[in-house]
Amino acid sequence: MLRSIVWFRRDLSLEDNLAWADATQNSDEVVPLFVLDERLLAAAGRARQDALFGALGALDRDLHACGGALTVVRGDPAVEVARLARESEATSVYWNADVTRYAQARDRAVEQALGELHIDVHARWSTLVHPPGAVTTRAGTVPKVFTRFYERWTELESPPHACTGAAAVRADSRDELPQASGPRPPAETLEAFVDGVDSYHDTRDDLALDATSRLSAHLHFGAISPRVVIRAVGRHTKGRRAFVRQLAWRDWYAHLFWERPDLVDCAMQEVFDAIEWRNDPHEIERWKSGSTGVPIVDAAMRHLAASGWMPNRARMIVASFLVKDLLVDWRIGERHFRHLLADGDVPQNAGNWQWVAGTGPDAAPYFRVLNPVTQAQRFDPDGDYVRRWVPELAGIPGGAVHEPWELPPLELAAGGVVLGDTYPFPAVDHRNARIRALDAYAAARHTRGT
């Protein structure tokens, strides 16, 4: 009997899962395995843990429908995968590869341990539309300009749908699976999004409307395949093409990190590693707690703390405020986001932070500094998003809520607001902070001779 292990990691679905399909097509029996890695769990906030355990529970239910169950163990994957392979007399282990520095090192260690037991390893790619290496320049590297990557990415045909084979699914004894509800099921989330996707290009940045897909956590844990999403969405309208383009950004960052996993710590434009960040602890804490005195920033940061999520436009605004207005190292913001976000994905998170900071590939120019008030007026014109998350400003009507410091005392009092008491004064003056940031970036460029 040919017995294989399928080691699930960030591919927690049986549908269009290349590793699962290959294993069940080429084995008589498969053992579904998930290793609870305490190092990864410790780095994840409550929202991401809930999303993980919710996806694991759904996967286990699907495996029960196949006559088996998910084997769950705790410990070091390099030890536990090899131990289970030996005990179950498996001849092969299948998994879907990942791109982070930790994942690449972990997988090499597991492969080495399995090699010593003469057990075959089969690594596939199910977490991306196209695997790393599929989109390259003539030199064989990932394009550093997104539009060039996207042009080549769109020319490729998606891999055919991966179908489950006929192998029996085993149900072994296991550690107890933690219980959590997790986010809305991915199929329901996708269906609801597709109903309104045709206006995505116009509505995705509307903070009060909240018209984003809400698929990011599902995609992060592989509870749904990005190829399944593309097939459901299609590309036949402007809104649908705009959304698929976001999946190409997701692939692009993953491909870059496969090539350069150190980008989580290093600016791709090395000149900007010489920036003299202020990193004021008090100001960082005000940013984290949503008490900067800038309503749109505070609303978004409180949204994050309460839910483990915030819209992409809000992420851009608060990231720019931290890096450019407060002159705080982007890595501090990236770590904070990664811990709290349910969809805290290393290449996407770090890639986007580097984009906002102007330090990464095809980044926003370093001299682009988002004005938080202007952004709020454009993307939350009536102030509904701010009032939802900053209730102490709920008495200020309309767009005036974005600049309470500009209101006369009587209007503030009518809204129940006392600046410096019920709501703080702004931590920084944007115009002066912008000049300070540009000077710091220019000094770094001068230091490196560019």
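Everything quoted here is computed from the prediction, not taken from an experiment.
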Could you tell me whether Phe379 and Tyr385 have their ring centroids closer than 6.0 angstrom? no

Looking at the rings of His201 and Phe243, which for Trp means the six-membered one, are their centres under 6.0 Å apart? no

Can you pull the salt bridge (charged side-chain N to carboxylate O under 4.0 Å, His left out) pairs that have at least one residue in residues 296-321, sequence neighbours excluded? Asp205-Arg313, Arg302-Glu392, Arg315-Asp343

Which pairs with one or both residues in residues 188-198 pass salt bridge (charged side-chain N to carboxylate O under 4.0 Å, His left out), sequence neighbours excluded? Arg184-Glu188, Asp198-Arg240

On the ring face of Tyr150, is Arg245 found with NZ or CZ under 6.0 Å from the centre and within 45° of the axis? yes

Salt bridge between [X] and [Y], side-chain N to carboxylate O under 4.0 Å?
X	Y	value
Asp37	Arg74	no
Arg46	Asp50	yes
Arg378	Asp206	no
Arg39	Asp76	yes

Does any pair with a residue in [range] pass ring-ring contact (aromatic ring centres under 6.0 Å, His included), and if so which ones, sequence neighbours excluded?
range	answer
residues 207-226	none
residues 13-41	Phe8-Trp20
residues 92-114	Trp7-Trp95, Tyr94-His122

May I have the step-by-step check of salt bridge (charged side-chain N to carboxylate O under 4.0 Å, His left out) for Lys238 and Asp202, ending in yes or no? CA-CA 10 Å; Lys238 188 174 181 179; Asp202 286 329; over 6 Å; no

Neighbour count above 12 (heavy atom, 6.0 Å) for Gln25 CD: yes

Could you check if a side-chain atom of [X] sits within less than 4.5 angstrom of a side-chain atom of [Y], using non-hydrogen atoms only?
X	Y	answer
Asp380	Val386	yes
Trp277	Leu326	no
Leu219	Ile224	yes

Step by step, work out the ring pair (Phe, Tyr, Trp, His ring centres under 6.0 Å) result for Tyr441 and Phe367. CA-CA 8 Å; Tyr441 275 70; Phe367 48 82; 9.9 Å; no

Please check if the side chain of [X] supplies one atom and the backbone of [Y] the other of a donor-acceptor pair under 3.5 Å.
X	Y	answer
Thr189	Pro185	yes
Arg148	Pro143	no
Asn17	Ser13	yes
Asp251	His130	yes
Ser320	Val369	no
Asp16	Ala162	yes
Glu38	Gly75	no
Arg48	Leu41	no
Arg286	Thr292	yes
His255	Val135	no

Restricting to side chain to side chain donor-acceptor pair (under 3.5 Å), what partner residues turn up for [X], sequence neighbours left out?
X	answer
Arg83	Glu80, Glu87
Asp262	Arg260
Thr359	Gln354
Asp98	Arg10

Reported [atom1]-to-[atom2] distance for the pair [X] and [Y], which is rounded to 0.5 angstrom:
X	Y	atom1	atom2	result
Leu247	Ser213	CG	OG	8.0 Å
Leu14	Cys66	CG	SG	5.5 Å
Asp265	Asp273	CG	CG	9.5 Å
Ser126	Asp22	OG	CG	8.5 Å
Asn349	Glu334	CG	CD	4.5 Å
Arg231	Leu190	CZ	CG	12.0 Å

Check side chain to side chain contact (heavy atoms under 4.5 Å, CB included) between Glu285 and all other residues, then give those that pass, not counting sequence neighbours. Lys288, Ser289

Residue list, side chain to side chain contact (heavy atoms under 4.5 Å, CB included) with Asp28, at least two apart or on another chain: Met1, Leu2

Only distances under 3.5 Å count here; give the side-chain donor-acceptor pairs of residues 106-117 to other protein atoms, sequence neighbours excluded, each with its distance to 0.1 Å.
{"unit_1": "Asp107", "atom_1": "OD1", "unit_2": "Arg9", "atom_2": "NH1", "d": "2.9"}
{"unit_1": "Asp107", "atom_1": "OD2", "unit_2": "Arg9", "atom_2": "NH2", "d": "2.8"}

Which pair of non-hydrogen atoms, one from Gly133 and one from Thr136, has the smallest distance, and what is that distance? O-CG2, 3.8 Å

Trp258: which of Tyr253, Trp125, Trp252 passes ring pair (Phe, Tyr, Trp, His ring centres under 6.0 Å): Trp125

Can you classify the ring geometry of Trp287 versus Phe337 as parallel (below 30°), tilted (30 to 60°) or perpendicular (above 60°)? parallel

